[in-house]
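Worksheet: one structure, shown below.
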Amino acid sequence: LNDIPIHGITNGIHIPSWISADMANLFDRYLGRRWAEDPDNEKVWLRVDSIPDSELWRTHERRRERLVDFARRRLKAQLIKKGASHSQLENTLDVLNPQALTIGFARRFATYKRAVMIFRDLDRLSKILNDPDRPVQIIFAGKAHPQDSAGKEFIQKIVHTSNLPEFKNKIVFIENYDINVARYLVEGVDIWLNNPRRPLEACGTSGMKAAANGALNLSIKDGWWDEGYNNQNGWAIGFGEEYQDTEYQDRVESNAIYQLLENEIVPLFYNINPNSNLPREWIRYMKNSMRSLCTYFNSHRMVEEYLERA
């Protein structure tokens with residue numbers, strides 16, 4: 001350290017700016033009205049356990065419903081711009097399912113972020129998304145740099161795949177990504193998907209925003225998730241390995257995503273307690289995530305570290 005006096009300060013988000021009004025009201029009631037003034041106080045976030053499961057879940061469900069409604073309106077506007085027929089516009093009413101497990105992927109379409117990795121095995125993905133008893137859906141959003149042809153091709157592939165019969169109404173791409181689109185997504189999805197090619201992720205903050213709203217992260221152990229993951233607050237894709245062969249890496253890690261969805265994530269989401277009609281174990285993960293992540297990955301702690309260490 002004397003020879004190379006460099007150390008890292010992990011990014012954080014300003015939580016009050018990124019959570020829904022519904023979630024903020026819930027925090028006011030159960031964490032105390034001063035939670036936003038002292039967000040890096042562990043004792044504040046321990047109070048997450050006092051939020052009744054039913055209230056947390058209903059709050060989250062309302063946000064998912066609003067996300068689906070927003071996505072339908074945006075898709076309709078996109079189709080109108082393209083001169084779609086009346087029947088095509090009417091079909092937007094059936095896009096997405098407000099009760100289905102919803103995965104979000106939204107960010108810059110830089111190629112190292114591998115936006116289309118979940119499409120490596122379309123047959124397997126179709127089985128996951130089209131299970132009649134346990135439906136799953138994916139919402140994509142983002143922009144590529146004007147000079148990034150490969151990033152633009154990723155967007156084209158997503159749009160093309162979303163129009164295949166087996167993925168109709170199950171996969172959508174929201175155009176013109178901006179802060180408003182980002183807000184709806186981080187506030188409403190159940191799973192925040194992040195699969196950059198390790199070790200290229202600098203930090204990432206969108207997953208922090210989703211976590212503060214009760215979403216669970218499904219991510220490569222890179223950037224902030226390498227610090228934040230604790231086995232009980234989301235899911236890690238792989239174990240932090242680095243590969244020389246990128247094709248092999250994509251094959252291994254896409255397979256890990258499918259396995260996690262098939263064997264852990266989807267069963268957990270649809271494991272409904274018959275007495276309460278609530279996914280108790282999923283809610284336990286939500287609370288673990290908020291309690292363990294919000295206390296550290298916030299801008300209050302980040303600025304304090306800059307002041308004290310830098």
Side-chain angles (χ1 to χ4, degrees), residues 53 56-76 88 90-106 115-141 157-174 184-195 210 213-219 234-235 237 254-274 276-286:
D53 286 358
L56 180 58
W57 188 244
R58 300 310 171 210
T59 298
H60 179 63
E61 284 197 309
R62 282 197 301 276
R63 293 311 315 180
R64 191 191 317 112
E65 288 165 2
R66 290 176 189 173
L67 168 60
V68 168
D69 179 65
F70 171 76
R72 289 171 175 172
R73 286 186 279 115
R74 285 294 291 252
L75 289 170
K76 186 175 183 179
Q88 286 176 309
E90 278 202 334
N91 286 340
T92 58
L93 297 173
D94 298 319
V95 170
L96 304 175
N97 175 351
Q99 279 79 49
L101 170 59
T102 304
I103 300 170
F105 185 103
V116 297
M117 195 165 74
I118 200 170
F119 294 159
R120 282 186 65 91
D121 188 337
L122 292 182
D123 290 337
R124 196 168 177 185
L125 182 62
S126 178
K127 289 177 182 175
I128 294 170
L129 269 54
N130 289 297
D131 185 328
D133 299 317
R134 303 189 302 187
V136 180
Q137 56 200 10
I138 311 175
I139 302 176
F140 288 92
K157 183 170 183 177
I158 291 169
V159 173
H160 170 75
T161 305
S162 71
N163 288 320
L164 296 175
E166 62 267 39
F167 297 117
K168 201 77 172 172
N169 301 335
K170 298 280 188 177
I171 298 175
V172 300
F173 182 82
I174 298 177
Y184 272 97
L185 278 158
V186 298
E187 291 175 6
V189 299
D190 302 294
I191 289 289
W192 194 257
L193 176 62
N194 185 37
N195 45 234
N213 283 284
L216 299 178
N217 279 271
L218 169 60
S219 179
W235 290 272
I237 303 164
S254 63
N255 183 60
I257 292 174
Y258 297 135
Q259 286 185 335
L260 286 168
L261 287 170
E262 292 162 344
N263 301 327
E264 297 187 35
I265 296 171
V266 176
L268 192 72
F269 183 85
Y270 286 103
N271 181 17
I272 308 297
N273 183 290
S276 62
N277 202 32
L278 294 171
R280 293 281 192 193
E281 284 301 300
W282 186 274
I283 296 168
R284 183 174 65 82
Y285 262 73
M286 289 173 68

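As the structure is a prediction and not an experimental result, all values here were calculated from the model.
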Heavy atoms, side chains only, cut-off 4.5 Å: are [X] and [Y] in contact?
X      : Y      : answer
Leu122 : Leu164 : yes
Leu75  : Phe173 : no
Tyr270 : Trp282 : no

query: Where does the angle between the aromatic ring planes of Phe70 and Tyr184 fall among parallel (under 30°), tilted (30 to 60°) and perpendicular (over 60°)?
result: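 Judged by the thresholds at 30° and 60°, the geometry between Phe70 and Tyr184 is parallel.
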- request: Using the six-membered ring wherever Trp is involved, compare the ring planes of Phe140 and Phe105 and label them parallel, tilted or perpendicular (cut-offs 30° and 60°).
  value: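 Correct class here is tilted.
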Kindly say whether [Y] contributes a backbone atom to a donor-acceptor pair with the side chain of [X] at under 3.5 angstrom?
X      : Y      : result
Ser162 : Val159 : yes
Arg72  : Asp94  : no
Gln137 : Asn97  : yes

- request: Test salt bridge (Lys or Arg N to Asp or Glu O under 4.0 Å) on Glu65 and Arg62 and set out the steps.
  value: CA-CA 5 Å; Glu65 288 165 2; Arg62 282 197 301 276; over 6 Å; no
field: Summary of salt bridge (charged side-chain N to carboxylate O under 4.0 Å, His left out) pairs that have at least one residue in residues 162-171, sequence neighbours excluded
entry: none
task: Answer yes when Lys127 and Asp123 have at least one side-chain N-carboxylate O distance shorter than 4.0 Å, and no when they do not.
output: no
Salt bridge present between Asp121 and Arg124 (N-O < 4.0 angstrom):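 Between Arg124 and Asp121 there is no salt bridge, as every charged N stays at least 4.0 Å from the carboxylate O atoms.
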field: Residue of the set Ile138, Thr102, Leu101 for which side chain to side chain contact (heavy atoms under 4.5 Å, CB included) holds with Val189
entry: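 Of Ile138, Thr102, Leu101, side chain to side chain contact (heavy atoms under 4.5 Å, CB included) with Val189 is met by Thr102 alone.
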field: Matching residue for Ile257 among Leu125, Ile103, Ile237 - test: side chain to side chain contact (heavy atoms under 4.5 Å, CB included)
entry: Ile237
- request: Assess the side chains of His60 and Asn213: does a donor N or O sit below 3.5 Å from an acceptor N or O?
  value: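 Checked: His60/Asn213 side chains show no N/O donor-acceptor pair below 3.5 Å.
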